[in-house]
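Here's the structure, in C-alpha cells; my notes come after.
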Amino acid sequence: MQSTESAWRERYGPWAIVTGASDGIGRAIADQLAQAGLNLLLVARRQAVLDQLATDWRNRYSIKTMALAVDLSQPGGVEQVLSAAQALDVGLLVACAGFGTTGRFMDADPTQELNMLAVNCQAVLLLSQQIGQRLAKRGRGGIILMSSLVAFQGVPLAAHYAATKAYVQVLAEGLHEEMAPLGVDVLASSPGPVHSGFAARANQRMGMAAQPEDVARATLAALGHKTTVRPGWLSRFLIGSLALLPRGARIKAMARIMHNMTSHQTAKAV
Ligand SMILES: NC(=O)c1ccc[n+]([C@@H]2O[C@H](COP(=O)([O-])OP(=O)(O)OC[C@H]3O[C@@H](n4cnc5c(N)ncnc54)[C@H](OP(=O)(O)O)[C@@H]3O)[C@@H](O)[C@H]2O)c1
C-alpha cells in the first residue's frame with residue numbers, strides 16, 4: 001500500500017474485519033493493513049495461529065487486535081463474528097476465508113460441498129449485508145470480496161468451487177454500483193493461482209503461482225479505484241488470454257488446466 005496511510009486509515013479505519021486471516025492471501029492482507037495502522041478483528045478456525053499473529057502485529061505496529069476462532073461453515077459462525085464486531089467502529093470488511101474442492105462433481109462428498117457453499121457464499125452474503133449496512137450508515141468504508149480466475153466461466157473438475165466464485169464475483173460487481181453512492185467502495189479481487197494453503201486443501205497441484213503478499217498489495221491498491229482487480233501479472237496474463245476466447249473454448253481450456261492440476265488423483269486411484 002503506498003502514499004498516505006493516514007488518508008487510508010481515515011477512509012477504511014479504524015477497524016478492519018479480515019476473515020481467512022490465519023493463512024495465505026487473508027493473512028497477507030491483514031499484515032499490510034496492520035502496517036497501515038488499522039486495528040484488526042482476525043477471523044479463521046485456528047485460534048493459536050490467530051493469537052500469535054494478533055500478538056505479533058499488536059506489538060510491531062501498535063495497533064489493537066482481536067483474534068476470533070470461528071468455523072464459518074457452521075450455523076452461528078457469522079453471528080459470532082457480528083457479535084464480536086458489534087462494539088467496534090468497523091470501516092473495512094475483507095471476506096477472504098474460503099476453500100476449494102476438486103475432482104469429478106459426481107464423486108464429491110455433499111457435506112464438504114455444502115460446507116464450501118456456506119464459507120464461500122453464505123458467510124460472504126451475510127457479512128457483506130450486515131457490515132455493509134453499518135458502513136452505509138456511516139457513509140464511508142470498503143468491502144473486499146475474494147473472487148478468482150475461475151469465476152468467469154465453468155470449470156470442469158472444480159465445477160462447484162468455480163460456481164461459488166462466480167457468485168462472489170457477480171455479488172461484488174452489483175454491490176460496487178449499489179454502494180458507491182453511499183460512500184462504500186466494493187472490490188472483487190480475482191487472482192489466478194496463488195501459493196498458499198489453498199492447493200493442499202483442494203487436493204490440487206499448483207505450478208506457476210503468485211505470492212500472497214503481491215496479491216494483497218495489488219488488491220489493497222485497487223480498493224476505491226476499480227470494480228475488479230486481477231492482482232499480479234500472472235492473473236492478468238491468464239484472465240486476459242482466456243478472455244480472448246469464446247466462453248465455450250474457455251471452459252475447455254480450464255478443463256485442460258484442471259486436468260493437469262488434478263491428474264495425481266486419478267493416477268493414485270488406478
Ligand atoms: N490460492 C489460490 O490459488 C486462490 C486463487 C483465487 C482465489 N482464491 C481465494 O482466496 C481466498 C483465500 O485463499 P488462500 O489462497 O489464501 O487459501 P488458504 O491459505 O488456504 O487460506 C484460507 C483461509 O480461510 C480460512 N478458512 C477456511 N475455511 C474456513 C472456515 N470454515 N471458517 C473460517 N475460516 C476458514 C483459513 O483458516 P483456518 O484454516 O484457520 O480456518 C485460512 O485463513 C479464498 O476465498 C480462495 O477461494 C485463492
Side-chain angles (χ1 to χ4, degrees), residues 18-32 42-46 49-50 53 69-73 94-105 108-109 112-124 144-169 172 187-220 228-239 242 254-255 257-265:
V18 183
T19 72
S22 64
D23 212 345
I25 302 167
R27 174 179 173 156
I29 288 179
D31 189 4
Q32 291 174 26
L42 305 168
V43 180
R45 289 169 305 172
R46 285 171 286 171
V49 178
L50 292 178
L53 291 169
V70 168
D71 187 339
L72 292 171
S73 72
V94 183
C96 209
F99 70 97
T101 57
T102 59
R104 286 189 309 197
F105 180 68
D109 169 6
Q112 176 81 332
E113 298 304 313
L114 283 170
N115 278 350
M116 183 172 69
L117 190 61
V119 179
N120 293 11
C121 300
Q122 189 172 317
V124 171
I144 297 174
L145 302 187
M146 200 47 64
S147 172
S148 168
L149 155 78
V150 302
F152 301 99
Q153 66 287 299
V155 179
L157 299 178
H160 185 217
Y161 172 63
T164 68
K165 289 295 154 177
Y167 174 95
V168 171
Q169 177 67 35
L187 176 72
S189 177
S190 312
V194 183
H195 285 303
S196 69
F198 181 89
R201 191 165 180 199
N203 191 16
Q204 72 183 54
R205 299 233 161 106
M206 205 81 98
M208 204 168 20
Q211 294 302 327
E213 295 72 22
D214 297 330
V215 171
R217 202 167 297 111
T219 297
L220 293 176
T228 298
V229 62
R230 292 145 179 85
W233 70 267
L234 186 58
S235 308
R236 283 197 299 280
F237 172 74
L238 289 172
I239 295 175
L242 286 166
M254 288 306 299
I257 292 170
M258 284 310 300
H259 178 76
N260 290 338
M261 283 177 152
T262 59
S263 55
H264 64 283
Q265 295 178 8

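Minimum heavy-atom separation, A21 to A44: N-CB, 4.2 Å. The two atoms that bring V215 and V194 nearest to each other are CG2-CG2, 3.8 Å, heavy atoms only. Here the shortest heavy-atom pairing between A123 and L72 reads CB-CB, 4.2 Å. Nearest heavy-atom pair, A209 versus L234, reported as atom, atom and distance to 0.1 Å: CA-CD2, 3.6 Å.
In this view, D71 and R45, S73, Q74 satisfy the side-chain contact (heavy atoms from CB on, under 4.5 Å) rule, not counting sequence neighbours. By the side-chain contact (heavy atoms from CB on, under 4.5 Å) test, Q211 pairs with H195, E213, D214, sequence neighbours left out. In this structure A218 satisfies the side-chain contact (heavy atoms from CB on, under 4.5 Å) test together with P231, sequence neighbours excluded. Residues forming a salt bridge (Lys or Arg N to Asp or Glu O under 4.0 Å) with R46 (at least two apart in sequence, or on another chain): D23. By the side-chain hydrogen bond (donor to acceptor under 3.5 Å, both in side chains) test, T164 pairs with N120, sequence neighbours left out. Take R236 and apply the salt bridge (Lys or Arg N to Asp or Glu O under 4.0 Å) test, not counting sequence neighbours, and it matches no residue.
For residues 94-104, every residue pair satisfying the salt bridge (Lys or Arg N to Asp or Glu O under 4.0 Å) rule, not counting sequence neighbours, is listed here: R104-D107.
Note that CG of L238 and CE of M208 are 7.0 Å apart. Values are rounded to the nearest 0.5 Å. Rounded to the nearest 0.5 angstrom, L220 CG and I29 CD1 are separated by 5.5 Å. Rounding to the nearest 0.5 angstrom, the gap separating the NE2 atom in H259 from the CD1 atom in I257 is 12.5 Å. Summarising the geometry, atom CG belonging to L53 is positioned 7.5 Å from atom OG belonging to S22; distances are rounded to the nearest 0.5 Å.
For the pair T19 (side chain) and A97 (backbone), a donor-acceptor distance under 3.5 Å is present.
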Distance-only check: which donor-acceptor pairs under 3.5 Å involve side-chain atoms of residues 144-163, not counting sequence neighbours?
from: S147; atom 1: OG; to: Q169; atom 2: OE1; distance (Å): 2.8
from: S148; atom 1: OG; to: V150; atom 2: N; distance (Å): 3.0
from: Q153; atom 1: OE1; to: R250; atom 2: NE; distance (Å): 3.1
from: Q153; atom 1: NE2; to: L149; atom 2: O; distance (Å): 3.4
from: H160; atom 1: ND1; to: E113; atom 2: OE1; distance (Å): 2.7

